[in-house]
Amino acid sequence: MSVSVEKRDACFPPDWEDDERMAFLFSAFKENRDVDCTDWDGKIDFWSPLIIGHCRRHGSVCVNLQELNESFRRKGSVPLGLSTVLQSMIRSGKVQKESDFAANVDSGWLSWGVGLLLVRPLKWTLSALLGSGRVPLEESFVVIDLVKEKAAALLAAYRASPLATHSLLSFQELRALSSHICSDESTLCLALLQLQREKHVTVSLHEGEKLVKFSQAGLGRVSPVSEVDLGIYQLQRSEKLLEERVEALGQEAEKCKQQAKSLLKEGKKSQALRCLRGSKRVEKKADRLFAQLETVKGILDRIANSQTDRLVMQAYQAGVAALRISLKGVTVERAENLVDQIQELCDTQDEINQTLASGALDSGEDSEELEEELKSLLEKTIPDNDVLPVVPTHPISPPRKTGIPDADFVQSLPSVPDFSLGITDEELDRELSRLTVSDTVVPRGSISAQRRPEAAQ
């Protein structure tokens with residue numbers, strides 16, 4: 001298979017345009033790797049990823065030497081060492097012969113004829129027995145990484161589709177589901193073989209129809225096809241056929257009604273009545289098939305409920321077993337004994353707390369004694385000259401009010417002597433009497449002085 005020049009620029013590495021480099025890579029390998037291991041490994045490292053990339057771009061999981069020669073043709077020359085590259089990839093496990101890949105097919109695959117489809121080349125075995133190291137041009141090899149990618153994508157597409165509720169799928173349904181993943185039927189078979197190796201798929205042939213069963217999500221492996229699976233598949237197939245038939249009869253009845261209307265408008269009453277009778281017969285048939293369809297759906301619902309009940313029972317059994325194991329050795333007497341021990345420990349802890357609390361009170365009394373001693377020390381350190389007078393406790397009488405203004409009263413007071421007084425008590429009493437008399441005379445004078453202007457007015 002050749003590619004265009006434009007695609008070569010995007011698909012091949014930059015060394016592809018280097019004539020000197022490509023002349024070396026297109027040359028044949030030495031007979032023995034030990035002669036020049038660097039050149040040998042350099043060619044292997046160049047061509048191996050290029051072959052895998054070529055298959056990935058074309059959506060294929062298989063490749064043969066003839067296809068590679070045509071795809072990697074450059075300026076009329078083909079690589080001379082691709083046969084050695086394929087042999088190296090086989091030894092490293094990157095590729096595998098189709099015959100070896102399909103060697104572990106089970107009876108279901110053989111009944112499909114997959115063995116005849118995949119286990120067809122025998123030239124490799126004969127050449128190996130004869131000691132030839134050449135790879136036949138048409139020998140097909142499976143790229144292991146790519147077929148694993150296809151298998152994973154196929155399983156994910158099934159589990160994400162509405163068909164995931166079906167235990168069995170026909171091969172045609174699976175072919176339609178995987179059309180965007182597997183480009184041809186051979187690729188689909190190889191992906192299914194990989195899933196069968198991983199225990200995610202099993203196949204069977206029932207009444208000439210190819211059937212595929214996938215493992216359900218959460219289960220590690222697929223179970224064999226059972227009679228229950230076949231019965232459910234038959235019911236689901238009948239359901240689908242009845243739905244299609246009921247839909248077709250409904251369309252036919254509607255078509256008869258439209259014809260009856262058209263004939264009635266044209267005045268062909270008798271023909272219109274025949275069409276209407278035909279529509280009624282079709283509707284009755286559709287009703288009968290619809291009743292059968294409801295019966296099939298009811299059976300499928302019961303089967304689904306029974307499977308759910310079975311899963312619930314299994315969960316109950318597992319729960320009981322786990323609970324029995326977890327409660328092994330646990331009795332009521334032991335539980336009561338543990339509760340008593342806990343209560344004793346709590347009582348002991350309370351007594352310890354009380355003891356610690358009493359010790360804290362004793363330490364409080366010591367601190368009070370220390371505070372009293374500190375207070376006494378502070379009182380001894382205060383100097384005598386800083387002692388303030390005692391605050392009087394008797395009430396202070398308010399000042400006596402007089403009718404003399406403050407300024408006049410101050411002037412009426414005698415001057416303060418600047419010498420030491422040698423006065424007796426009698427002299428003080430006479431002075432006090434004089435002051436008392438002056439207090440009574442001064443207000444009269446001031447009052448008369450204030451009244452004189454009023455009289456003059």
Which pair of non-hydrogen atoms, one from [X] and one from [Y], has the smallest distance, and what is that distance?
X	Y	value
Leu242	Val296	CD1-CG2, 4.0 Å
Ser183	Gly59	OG-O, 3.7 Å
Cys62	Glu98	SG-OE2, 3.3 Å
Gly93	Ile144	O-CG1, 3.6 Å
Tyr158	Leu163	CE1-O, 3.4 Å
Ser60	Leu146	O-CD1, 3.5 Å

Problem set entry | Centroid-centroid under 6.0 Å between Tyr233 and His206 rings | no
Residues [X], [Y]: salt bridge by 4.0 Å N-O rule:
X	Y	value
Lys257	Glu252	no
Asp100	Lys97	yes
Glu149	Arg56	yes
Lys150	Asp145	no
Arg237	Glu209	yes

Minimum side-chain heavy-atom gap [X]-[Y] below 4.5 Å:
X	Y	value
Gln259	Gln271	no
Val339	Glu336	no
Gln234	Leu168	no
Arg159	Ser215	yes
Val201	Val222	no
Met22	Leu25	yes
Phe72	Leu50	yes
Leu154	Leu174	yes

For this session: Specify whether Phe12 and Trp16 have parallel, tilted or perpendicular ring planes, treating 30° as the upper limit for parallel and 60° as the lower limit for perpendicular.
Result: parallel
Can you check whether [Y]'s main-chain N or O pairs, donor with acceptor, with [X]'s side chain at less than 3.5 Å?
X	Y	result
Arg197	Phe101	yes
Lys94	Ser48	no
His200	Gln196	no
Ser88	Val85	no
Ser170	Leu211	no
Asp340	Asn337	no
Ser83	Leu80	no

For this session: Assess whether side-chain contact (heavy atoms from CB on, under 4.5 Å) is satisfied between Leu188 and Phe171, documenting all intermediate values.
Result: CA-CA 10 Å; Leu188 177 58; Phe171 187 75; 3.7 Å; yes
Problem set entry | side chain to side chain donor-acceptor pair (under 3.5 Å) between Ser223 and Lys213, worked out | CA-CA 8 Å; Ser223 59; Lys213 182 179 181 180; 2.8 Å; yes
Exercise. Does Asp184 have any side chain to side chain contact (heavy atoms under 4.5 Å, CB included) partners at least two apart in sequence or in another chain, and if so, which?
Worked result: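 Expected list: Ser186, Thr187.
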For this session: Mind checking side chain to side chain contact (heavy atoms under 4.5 Å, CB included) for Arg288 and listing every partner two or more places apart, or none if nothing turns up?
Result: Lys285, Gln292
Residues [X] and [Y]: side-chain donor-acceptor under 3.5 angstrom:
X	Y	result
Gln349	Asn353	no
Ser27	Lys43	yes
Thr202	Arg221	no

Exercise. Quick one: salt bridge (charged side-chain N to carboxylate O under 4.0 Å, His left out) pairs with a partner in residues 171-183, sequence neighbours left out?
Worked result: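 Checked against salt bridge (charged side-chain N to carboxylate O under 4.0 Å, His left out) - neighbours excluded - the pairs reaching residues 171-183 are Glu173-Lys240.
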Roughly how far apart are [X] [atom1] and [Y] [atom2], rounded to 0.5 Å?
X	Y	atom1	atom2	result
Arg73	Leu68	CZ	CG	12.5 Å
Glu185	Leu192	CD	CG	10.0 Å
Glu207	Leu230	CD	CG	8.5 Å
Leu65	Glu139	CG	CD	10.0 Å
Glu351	Cys346	CD	SG	12.0 Å
Ile299	Glu239	CD1	CD	10.5 Å

Exceeds 12 heavy-atom contacts within 6.0 angstrom, atom [atom1] of [X]:
X	atom1	answer
Glu20	CD	no
Phe290	CZ	no
Glu227	CD	no

Exercise. Is there a side-chain contact (heavy atoms from CB on, under 4.5 Å) between Gln172 and Lys210 once you walk through the steps?
Worked result: CA-CA 8 Å; Gln172 296 303 323; Lys210 302 173 183 179; over 6 Å; no
For this session: Starting from the C-alpha separation in whole Å, work towards a yes-or-no answer on side chain to side chain donor-acceptor pair (under 3.5 Å) for Glu70 and Gln66.
Result: CA-CA 7 Å; Glu70 292 299 325; Gln66 183 176 1; over 6 Å; no
Problem set entry | Stepwise side chain to side chain donor-acceptor pair (under 3.5 Å) test for Gln343 and Asp347 | CA-CA 6 Å; Gln343 186 62 42; Asp347 295 340; 3.3 Å; yes
For this session: Apply the test side-chain contact (heavy atoms from CB on, under 4.5 Å) to residues Trp40 and Thr84: give CA-CA distance (whole Å), side-chain angles for both, the deciding distance (0.1 Å), then the verdict.
Result: CA-CA 10 Å; Trp40 183 290; Thr84 305; 3.7 Å; yes
Problem set entry | Stepwise side-chain contact (heavy atoms from CB on, under 4.5 Å) test for Val95 and Ile52 | CA-CA 9 Å; Val95 300; Ile52 297 176; 5.8 Å; no
For this session: Test Leu82 against every option in Trp47, Phe29, Phe26 by the side chain to side chain contact (heavy atoms under 4.5 Å, CB included) rule and name the one that passes.
Result: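 It is Trp47, the one option of Trp47, Phe29, Phe26 that forms the side chain to side chain contact (heavy atoms under 4.5 Å, CB included) with Leu82.
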For this session: Please assess Arg57 against Ser71 for the test side chain to side chain donor-acceptor pair (under 3.5 Å), listing each intermediate value before the final yes or no.
Result: CA-CA 12 Å; Arg57 286 192 301 272; Ser71 299; over 6 Å; no
